[in-house]
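Notes for the one structure printed next.
All of these numbers come straight from a predicted model, not from anything done at the bench.
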Amino acid sequence: MTDTTALRAERGPDGDRLYVARDEAEKGSKAPFFVAYRDEERERRWGFFCGNCETFSTAMDSMGRVRCNDCENFKRPDEWDAAHE
């Protein structure tokens with residue numbers, strides 16, 4: 001059973017309702033990135049919500065780095081190898 005009290009409905013970039021899971025976060029440099037879903041049941045993951053400037057304007061690359069396009073909050077890659085630099 002999922003905890004729906006930790007979900008907060010927000011208007012997404014296209015005007016759609018998205019659900020921000022305040023209990024599912026990735027550590028960012030300025031504030032956490034919260035996981036966002038398309039549904040309250042948390043079955044359709046949408047992306048991330050920046051906890052610093054409260055926007056959905058985020059991007060993730062293939063190494064798991066997440067960056068906010070508005071405030072430069074970022075999450076380091078999940079796996080790091082010096083060969084990628």
Side-chain angles (χ1 to χ4, degrees):
M1 186 169 145
T2 59
D3 179 12
T4 57
T5 60
L7 289 178
R8 187 171 93 187
E10 297 279 348
R11 184 148 320 269
D14 295 328
D16 297 337
R17 180 174 289 177
L18 298 173
Y19 298 90
V20 177
R22 295 286 177 165
D23 59 342
E24 291 182 54
E26 298 284 343
K27 183 178 179 182
S29 60
K30 297 180 180 183
F33 288 98
F34 299 104
V35 178
Y37 292 92
R38 290 191 177 274
D39 60 332
E40 288 184 88
E41 293 75 32
R42 300 181 189 207
E43 294 175 353
R44 297 177 56 212
R45 188 171 173 158
W46 183 86
F48 289 99
F49 181 80
C50 178
N52 187 53
C53 66
E54 301 202 341
T55 183
F56 288 103
S57 182
T58 59
M60 182 175 176
D61 69 11
S62 61
M63 290 190 60
R65 285 182 286 236
V66 180
R67 178 173 296 276
C68 177
N69 297 317
D70 292 344
C71 72
E72 299 300 316
N73 185 21
F74 69 92
K75 174 194 165 295
R76 296 194 185 282
D78 293 330
E79 295 183 25
W80 184 82
D81 183 345
H84 290 98
E85 292 296 312

Any donor and acceptor pair, going by atom type alone, linking the side chain of Asp61 with main-chain N or O of Met63 inside 3.5 Å? yes

In sequence, state the C-alpha distance, the side-chain angles, and the governing distance for Phe56 and Glu10, and then conclude on side chain to side chain contact (heavy atoms under 4.5 Å, CB included). CA-CA 10 Å; Phe56 288 103; Glu10 297 279 348; 3.7 Å; yes

Between the CZ atom in Phe74 and the NZ atom in Lys27, the distance rounded to the nearest 0.5 Å is 10.5 Å

Determine, using the 4.5 Å side-chain heavy-atom cutoff (strictly less than), whether Val20 and Tyr37 are members of one ILVMFWY cluster. no

Indicate yes or no: does Arg45 engage Glu24 in a salt bridge with an N to O separation below 4.0 Å. no

One should read off an interatomic distance between Trp46 CH2 and Thr58 OG1, to the nearest 0.5 angstrom, of 6.0 Å

Decide side chain to side chain contact (heavy atoms under 4.5 Å, CB included) for Leu18 and Arg38; before the verdict, give the C-alpha distance in whole Å, the side-chain angles of both, and the deciding distance to 0.1 Å. CA-CA 5 Å; Leu18 298 173; Arg38 290 191 177 274; 4.1 Å; yes

What's the verdict on side chain to side chain contact (heavy atoms under 4.5 Å, CB included) for Arg8 and Phe49, showing C-alpha distance, side-chain angles and the deciding distance? CA-CA 11 Å; Arg8 187 171 93 187; Phe49 181 80; 4.0 Å; yes

Between CZ on residue Phe33 and CD on residue Glu26, distance to nearest 0.5 Å: 9.5 Å

If every non-hydrogen atom of Arg65 is compared with every non-hydrogen atom of Arg76, which pair is closest and at what distance? CG-C, 4.0 Å

Tell me, with the steps shown, if Arg42 and Leu7 meet side chain to side chain contact (heavy atoms under 4.5 Å, CB included). CA-CA 9 Å; Arg42 300 181 189 207; Leu7 289 178; 3.6 Å; yes

Glu72 backbone acceptor or donor facing Lys30 side chain under 3.5 Å: no

Please report the closest heavy-atom contact between Ala31 and Gly51, naming both atoms and the distance. CB-C, 3.7 Å

What are the two closest heavy atoms between Asn73 and Cys50, and how far apart are they? ND2-SG, 3.5 Å

